[in-house]
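Throughout, protein chains are lettered first and strands after them, A, B, ... in sequence-line order, and every chain is numbered starting at 1.
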Amino acid sequence: MNYLQEIAYLIGSVGFIVGIKMMGQADSARRGNLVAAFGMAVAVIATLFLDKSGFHIIGNLSYILIAIVLGTIVGTLMAKRVQMTAMPEMVSIFNGMGGLAAALISIIEWTHLKHVGEVVELGLYVPIVAGLIIGTISFTGSMVAWGKLNGKLGDFRFPAQQYINAIVLVFIIAAAYFTYSTGMASDIPWFYVTLGVSLVYGLLFVFPIGGADMPVVISLLNSFTGVAAACGGFLYDNNVMLMGGVLVGSAGTILTIVMTKAMNRSLTNVLIGMAGSGGSGGGTGASGGSVREVQATDVAIMCKYAQKVIIVPGYGLAVAQAQHVCHELELLLEEEGVEVKYAIHPVAGRMPGHMNVLLAESNVEYDKLIEMEDINPEFPTTDVVLVVGANDVVNPAAKNDSNSPIYGMPILDVDTAKQIVVLKRSMKSGYAGIENALFFDPKCGMLFGDAKDSIGKLVSEVKAL
Amino acid sequence: MNYLQEIAYLIGSVGFIVGIKMMGQADSARRGNLVAAFGMAVAVIATLFLDKSGFHIIGNLSYILIAIVLGTIVGTLMAKRVQMTAMPEMVSIFNGMGGLAAALISIIEWTHLKHVGEVVELGLYVPIVAGLIIGTISFTGSMVAWGKLNGKLGDFRFPAQQYINAIVLVFIIAAAYFTYSTGMASDIPWFYVTLGVSLVYGLLFVFPIGGADMPVVISLLNSFTGVAAACGGFLYDNNVMLMGGVLVGSAGTILTIVMTKAMNRSLTNVLIGMAGSGGSGGGTGASGGSVREVQATDVAIMCKYAQKVIIVPGYGLAVAQAQHVCHELELLLEEEGVEVKYAIHPVAGRMPGHMNVLLAESNVEYDKLIEMEDINPEFPTTDVVLVVGANDVVNPAAKNDSNSPIYGMPILDVDTAKQIVVLKRSMKSGYAGIENALFFDPKCGMLFGDAKDSIGKLVSEVKAL
Amino acid sequence: MSTVFQFIGENITYIYLILLMAFVGVELISHVPSVLHTPLMSGANAIHGVVLIGAIIVLGNAEATDYFSLIVGFVGVFVGTLNVIGGFVVTDRMLEMFKKKPKK
Amino acid sequence: MSTVFQFIGENITYIYLILLMAFVGVELISHVPSVLHTPLMSGANAIHGVVLIGAIIVLGNAEATDYFSLIVGFVGVFVGTLNVIGGFVVTDRMLEMFKKKPKK
Ligand SMILES: NC(=O)c1ccc[n+]([C@@H]2O[C@H](COP(=O)([O-])OP(=O)(O)OC[C@H]3O[C@@H](n4cnc5c(N)ncnc54)[C@H](OP(=O)(O)O)[C@@H]3O)[C@@H](O)[C@H]2O)c1
Ligand SMILES: NC(=O)c1ccc[n+]([C@@H]2O[C@H](COP(=O)([O-])OP(=O)(O)OC[C@H]3O[C@@H](n4cnc5c(N)ncnc54)[C@H](OP(=O)(O)O)[C@@H]3O)[C@@H](O)[C@H]2O)c1
């Protein structure tokens, strides 16, 4: 009955790979998550009840089970209770917990080594200290990201931050080296110095980055925690930890890069904190042309007698929590025989898939959410485009103005439609902090006001007509 | 200086992976091939001059080098001399050589085992016999494929072929088992029986499959040879053979499936030889409507005064070797200010990428070859479509007629263009052996004759105008 | 230099495993539609919770009198479980919203 | 059953390597445009020529008097080299034709 544990770990590893693969396609994504969870369950059970020589119940089983049960209850409650829009915060917390676990493992293993004497084996030391440093950075970094996402922490920049951060990083590595070279003999507890400075580094690393870039940061810290888990795999010669950790490490890194690319940014650009102003700050635009303000009544008439209406949701829709009333409007127009679709820009909102999550929450059908490439050819045959709290994703500067910071980003070609109505509160700019020439387009009318209020008015006007 | 060989093998393996990855993108494909070749060179050199303990020149170096030099000369000459259109045949031969090499290795290792006595270790025997069987099948199968591709061998079907093939396969496995269980003691040389029957199976396996399906078969045999190479990797505990072999085994299998999918077939469907008639046989179509024949002069006028002409190349273009004159026509029209593009259907011709290879040979610019998804929206704004020796890939039955064998295959939507001219020799059907309603479309004119002749006439007419 | 070679040589299998797994990760993610980025991030987050297994091993090996290891290990298992369970549940909730509604 | 388990357990690293490599192969190919199928097939064909290394090992280990092994091994190395060299050269020729021409 040997080798059962190895086989269970193999199943776990394959479960992770297949799970991630399935999660990459919309129709199998949810099952993919279950497959990965199944792999995890197999691996955990194999750890509890097997060892290299066969069946063997692990020590301190009762404590372990209590901790697992507690963790399960708390984790489930947190995950179930969280609001849809607060999901990234939740991911950030859980990510931090993983980093913390990795760091705690390293701490315990280190204290065990104390009994061994002065010389530490390199093959043992490297995974311990790497797990410590990376896990700790991931932990405090995630906590800061969480604080920023829920608005508790603001941006915090200090002069020469990049250089200071680099120096701190060098110091961590030096401390880790001293820990090794002096072993237990030194007066200074270098190991705990390494720990302490890593904690600080995690804070310094995330603090200067703009709040709106947190999804990217979380994805990066996610891959850090993966690497920390892989260190544990080395340490215990445990294949499933190694495989799972490396998989998340590499997948997370690529995901981070893909995410920044979709926002037309580079990773370094995000990391050294060159984000836009975050949120709806920025200059008040008042360029050459004049703006045409429209009233809800007019818009209601336009929509009701249109053949085809496309709704372009953006960050403002999320801020205003206007998704439900937006769905109401959609249903109402459909009853009137109007064809209604949503045009989903990949980076509309503040996290990838933000709009899908939001609209799905209000029960909009998945088929109605059309991705950018597919909807762009449809605008010329569209009578009315309603731009609800979106700005950068419909900014023609991305195409025309090679000096614009968003130049080159693919956008939704709303200006080819017959009529455009923009729902926002003011002429303020969006995330990128730049003006939008679309608003000055003669075909474009502005319906000022909070998105939820405006759409609410549209609904009652359409009903009243 | 230990471990150098392992590191070289690692470099080789990574070279293979990176090479395949780069070969998957048009702009890096050629460099990818070089990367893979570099990986191979490193691995071969490491085998000649290193072993597990460091520098060590392999025995019989002179013989080995002679064989390598001979192989290099012959291989290069063959590869350089072959006509573009005969490339699949060439690949087939080389693939067979790989299979043969794997089989020869197994034969030698087996004769070495003879000295060991009656009991063979299972861990040694399995890779030897698997390499033998798979390598042999790949060898004879590839030779048949080669013969079919260059027209030396016809299709050859016999009753109940699937069952006979299955029985032969079972017999191979039984013989392999007897080889193992009786060891060297048996009167019957089971090992050589296994070899012989495998040789036959390779023939039986490929004979019934239609000549036009050979690209698929070669791809499959390709993955077989990969697996045979991986067996060698097991046998010698050699990582680069293992990795390279497994990579080709899995990549080849998927490639085979992707290829059959592009042709709207299933792999089983191909393998049990249910191909179309192959070539331009098939029924003579004469459905309800009437056909409009046109003359080269008319077509020349249409083209010359068009704004935009799209050429749809098909198998007939390859048969007629009309690529060069086609390019001439294209240049001529461009001089007249006509916009000319080529619409490339993924399975036009008889091998994937057939049209690209052919047109590239005649120096058509890569930018002018537009893939199906991208060109389909352009047809409505096109004045003249020239369908040159293509048939199935423009057959509207794939969309309209759910009983048609090609129903569901994506096609080029030429019928949305303003005018269509089809260049072919007769009303005969194409590969799928079915009628084409397009030819009866009022917008469609037929210019009968060999494609090379017809286009030649068009060229002189356009010049004369 | 030769110590580096030796290190690589001795851990060659690990290196193969890590390299291959890294390739798998990269290839799996490169072609994912951006809509699924957030759920994927969340799912990957749950997977690195496999570090829980390390915490279990630590706690399982702690002596009955080694209160430091027991307490820290207990916390480790607890937060590790949080990562795993919370991660999978949140991902499931996100993905639930992508499911196609049955047509009325 | 338990012998199967034992076999798997003893060769677990091989199994990981094979599985991962198979995943890599599948992922690498799944998204390839069909234009490149033939060159890719040809390139993969050249790569399995790595079996040449096995032939070299066999010929390298053949005794000076073992004519059977010498001859068969020689043929093996020869055909293996054909596969490798011919494969890469043909692939290169195919891909040469895909290169973008400089604009006139
Ligand atoms: N999706 C991601 O993963 C992600 C992550 C980080 C950054 N980003 C970036 O975020 C931007 C997303 O573009 P976007 O077009 O969705 O948003 P945006 O360009 O940030 O514009 C949002 C607009 O919504 C309006 N708004 C705010 N609150 C509103 C309310 N209550 N009612 C109505 N309107 C309201 C604001 O104008 P008023 O103040 O005048 O109302 C603002 O101009 C891109 O630049 C993208 O690169 C995306
Ligand atoms: N690409 C691949 O990998 C692959 C592999 C295997 C099978 N296939 C299959 O092959 C078919 C390819 O479609 P296709 O449209 O390219 O070809 P097709 O449907 O086979 O039609 C070719 C047409 O060319 C004409 N033709 C033959 N020789 C000619 C000549 N010298 N001059 C002018 N015309 C000539 C023939 O008509 P006439 O005899 O009247 O002249 C025939 O109708 C698909 O069904 C596909 O599934 C493709």
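Between G54(D) and I105(B), the shortest heavy-atom distance links the atoms C-CD1, 3.5 Å. Summarising the geometry of A79(B) relative to V90(D), their closest heavy-atom pair is CB-CG2, 3.5 Å, with the distance given to 0.1 Å. Shown here for G24(B) and P33(D), the closest heavy-atom pair between the two residues is O-CD, 3.4 Å.
For a residue to count as touching a neighbouring chain, one of its non-hydrogen atoms must lie under 4.5 Å from one of that chain's; by this rule Y63(B) touches chain D with backbone and side chain alike. Contact annotation for M23(B): both backbone and side-chain heavy atoms come within less than 4.5 Å of a heavy atom of chain D. Interface remark: L28(D) contributes side-chain atoms only to the contact with chain B (heavy atom separation under 4.5 Å). Interface residue A62(D): backbone and side-chain heavy atoms are both found under 4.5 Å from chain B. No part of R31(B) comes within reach of chain D, as not one of its non-hydrogen atoms sits under 4.5 angstrom from that chain. Heavy-atom distances place no part of L20(D) under 4.5 Å from chain B, backbone and side chain included. Residue I68(B) touches chain D through both its backbone and its side chain, counting heavy-atom pairs closer than 4.5 Å. At a 4.5 Å heavy-atom cutoff, the contact between A22(D) and chain B is made by backbone and side-chain atoms alike. V347(B) does not touch chain D: none of its heavy atoms, backbone or side chain, sits under 4.5 Å away. Only the side chain of E371(B) comes within contact range of chain D, judged by heavy atoms closer than 4.5 Å. The contact between D237(B) and chain D is made by backbone and side chain atoms together, counting heavy-atom distances below 4.5 Å. M90(B) touches chain D through its side chain: at least one heavy atom from C-beta onward sits under 4.5 Å away, while N, CA, C and O do not. Contact of N222(B) with chain D is made through backbone and side chain together, with heavy-atom distances under 4.5 Å. Heavy atoms of V84(D) lying under 4.5 Å from chain B belong exclusively to its side chain.
In terms of heavy-atom pairs under 4.5 Å with chain D, the best-connected choice from G32(B), G249(B), A101(B) is A101(B). Chain D forms more heavy-atom pairs under 4.5 Å with one residue of G71(B), A230(B), A229(B) than with any other, namely G71(B). Per-residue heavy-atom pair counts under 4.5 Å with chain B were compared for G76(D), G73(D), A44(D), and the maximum is reached by A44(D). When each of I344(B), I17(B), T76(B), L77(B) is checked for heavy-atom pairs under 4.5 Å with chain D, I17(B) comes out on top. Most heavy-atom pairs under 4.5 Å with chain B: of the set G80(D), A46(D), G60(D), this distinction falls to G60(D). Put simply, of V26(D), N11(D), D66(D), V24(D), the one with the most heavy-atom pairs under 4.5 Å next to chain B is V26(D). The most heavy-atom pairs under 4.5 Å with chain B, out of I56(D), I47(D), V32(D), come from I47(D). Contact count against chain B (heavy-atom pairs under 4.5 Å) is highest for L82(D) among V58(D), I18(D), L82(D), V77(D). Here M243(B) is the residue among M259(B), M243(B), K21(B), M78(B) with the most heavy-atom pairs under 4.5 Å with chain D. Looking only at heavy-atom pairs under 4.5 Å with chain D, the residue among G96(B), A67(B), A103(B), S13(B) that has the most is A67(B).
Using a 4.5 Å cut-off on side-chain heavy atoms (C-beta onward), P39(D) and R30(B) make no contact. Looking only at side-chain heavy atoms (C-beta outward), F94(B) and I85(D) stay at 4.5 Å or farther from each other. Side-chain contact check for I29(D) versus I20(B): some heavy-atom pair is nearer than 4.5 Å. Between K80(B) and V89(D) the shortest side-chain heavy-atom distance falls below 4.5 Å. Considering only heavy atoms from C-beta on, T38(D) stays 4.5 Å or farther from M87(B) through its side chain. For the pair V69(B) and F78(D), the minimum side-chain heavy-atom distance is 4.5 Å or more. In this structure, N238(B) and I57(D) have side chains that are in contact, with non-hydrogen atoms separated by less than 4.5 Å. In this structure, the side chains of F16(B) and V50(D) come closer than 4.5 Å at one or more pairs of heavy atoms.
Side-chain atoms of N60(B) do not come within 3.5 Å of backbone N or O of N61(D) as any donor-acceptor pair. The backbone N or O of V82(B) lies less than 3.5 Å from a partner atom in the side chain of R93(D), making a donor-acceptor pair. Distance alone, capped at 3.5 Å, is enough to place a donor-acceptor pair between the N33(B) side chain and the F88(D) backbone. Side-chain N or O atoms of N95(B) include none that pairs as donor or acceptor with a backbone N or O of N45(D) at under 3.5 Å.
Taken from CE in M97(B) to NE2 in H48(D), the straight-line distance is 11.5 Å, to the nearest 0.5 Å. Annotation: the span from I73(B) atom CD1 to T81(D) atom OG1 amounts to 11.0 Å, rounded to 0.5 Å. The structure places OG of S69(D) at 11.0 Å from CG of L104(B), a figure rounded to the nearest 0.5 Å. In this structure, the separation between CE on M21(D) and CG on L247(B) is 4.0 Å, given to the nearest 0.5 Å. The CG atom of D92(D) sits 6.0 Å away from the CG atom of L34(B) when rounded to the nearest 0.5 Å. With rounding to the nearest 0.5 angstrom, the CG atom of L52(D) is 9.0 Å from the CE atom of M241(B).
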List the steps and the verdict of side chain to side chain contact (heavy atoms under 4.5 Å, CB included) for Y236(B) and I53(D). CA-CA 10 Å; Y236(B) 298 119; I53(D) 286 180; over 6 Å; no
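Applying the side chain to side chain donor-acceptor pair (under 3.5 Å) test to every pair with at least one member in residues 239-254 of chain B, sequence neighbours left out, gives these pairs: E6(B)-N239(B).
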Show every donor-acceptor pair shorter than 3.5 Å between a side-chain atom in residues 35-48 of chain B and any protein atom, with sequence neighbours excluded, or say none if there are none.
{"from": "T47(B)", "atom 1": "OG1", "to": "Y9(B)", "atom 2": "OH", "distance (Å)": "2.8"}
{"from": "T47(B)", "atom 1": "OG1", "to": "A43(B)", "atom 2": "O", "distance (Å)": "2.7"}

